[in-house]
Visitor: 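Starting off with a structure, shown below.
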Amino acid sequence: MVHTARALLVDLQGCYAYTESDEISILCPPEWALFDRKLEKVVSLSAGIASAAFTHACGVPVQFDSRVWLGAEAARPAYRTPLAAPRTT
């Protein structure tokens with residue numbers, strides 16, 4: 001899985017890879033623009049890259065699926081803002 005995660009990281013131009021069990025997560029920088037950010041392309045190619053890399057490393061044919069999660073910019077939710085101190089008169 002580490003070999004597969006490394007292949008995805010390099011081929012998808014990510015900045016961080018994490019793998020656990022049968023899952024691999026790749027973090028891409030905010031300015032990432034590979035394939036013009038077309039999600040369908042990223043999903044299909046990432047599954048293909050993972051399948052090929054793992055098959056090559058293990059010598060046994062495997063198939064991976066893929067998903068994309070789009071994170072929003074880090075922002076502090078309104079409910080997390082500190083409360084104003086009570087007024088004293």
Visitor: Can you measure from OG (S25) to OH (Y16) and round to the nearest 0.5 angstrom?
Guide: 9.0 Å
Visitor: How far does CG of D22 sit from CG of D65, to the nearest 0.5 angstrom?
Guide: 8.5 Å
Visitor: Is S46 reaching over with its side chain to a backbone N or O of V43, donor-acceptor style, under 3.5 angstrom?
Guide: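 Yes, because the side chain of S46 sits within donor-acceptor range (under 3.5 Å) of the backbone of V43.
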Visitor: With rounding to the nearest 0.5 angstrom, report the CD1 to CZ distance, I24 to F54.
Guide: 8.5 Å
Visitor: In Å, rounded to the nearest 0.5 Å, how long is the span from CE of M1 to CD of E23?
Guide: 8.0 Å
Visitor: Ignoring hydrogens and angles, tell me if any N or O in the side chain of W32 forms a donor-acceptor pair with the backbone of L27 under 3.5 Å.
Guide: no
Visitor: For H56, look at atom NE2 and say whether over 12 heavy atoms of other residues, nucleotides or ligands are found less than 6.0 Å away.
Guide: no
Visitor: Does V62 share a hydrophobic cluster with L45, counting links as ILVMFWY side-chain heavy atoms below 4.5 Å and allowing steps through other members?
Guide: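 Yes, same cluster.
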Visitor: Do V60 and T55 make a side-chain contact, defined as non-hydrogen atoms from C-beta onward lying under 4.5 Å apart?
Guide: no
Visitor: Check H3 against A57 and note the closest heavy-atom contact, atom names and distance.
Guide: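 Smallest heavy-atom distance, with atoms named: CD2-CB, 3.6 Å.
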Visitor: To the nearest 0.5 Å, tell me how far L9 CG sits from I49 CD1.
Guide: 11.0 Å
Visitor: Quick one: do V10 and L8 end up in the same hydrophobic cluster if we chain Ile, Leu, Val, Met, Phe, Trp and Tyr together by side-chain heavy atoms under 4.5 Å apart?
Guide: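 Different hydrophobic clusters.
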Visitor: In Å, rounded to the nearest 0.5 Å, how long is the span from CD1 of I26 to CZ of R6?
Guide: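 Taking CD1 in I26 and CZ in R6, the distance rounds to 11.0 Å.
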Visitor: Can you name the nearest heavy-atom pair linking S51 to F64, along with the distance?
Guide: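 Heavy atoms of S51 and F64 come nearest at OG-N, 2.9 Å.
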Visitor: Closest heavy-atom contact between G14 and C28?
Guide: CA-SG, 4.2 Å
Visitor: Can you see which heavy atom on A5 is nearest to which on A17, and at what distance?
Guide: O-CB, 4.1 Å
Visitor: Say whether, by atom type as modelled, one donor and one acceptor occur between the side chain of S44 and the main chain of K41 under 3.5 angstrom.
Guide: yes
Visitor: Quick one: does any side-chain atom of T19 pair with a main-chain N or O of V2 as donor and acceptor, under 3.5 Å?
Guide: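 Judged by distance alone, no pair lies under 3.5 Å.
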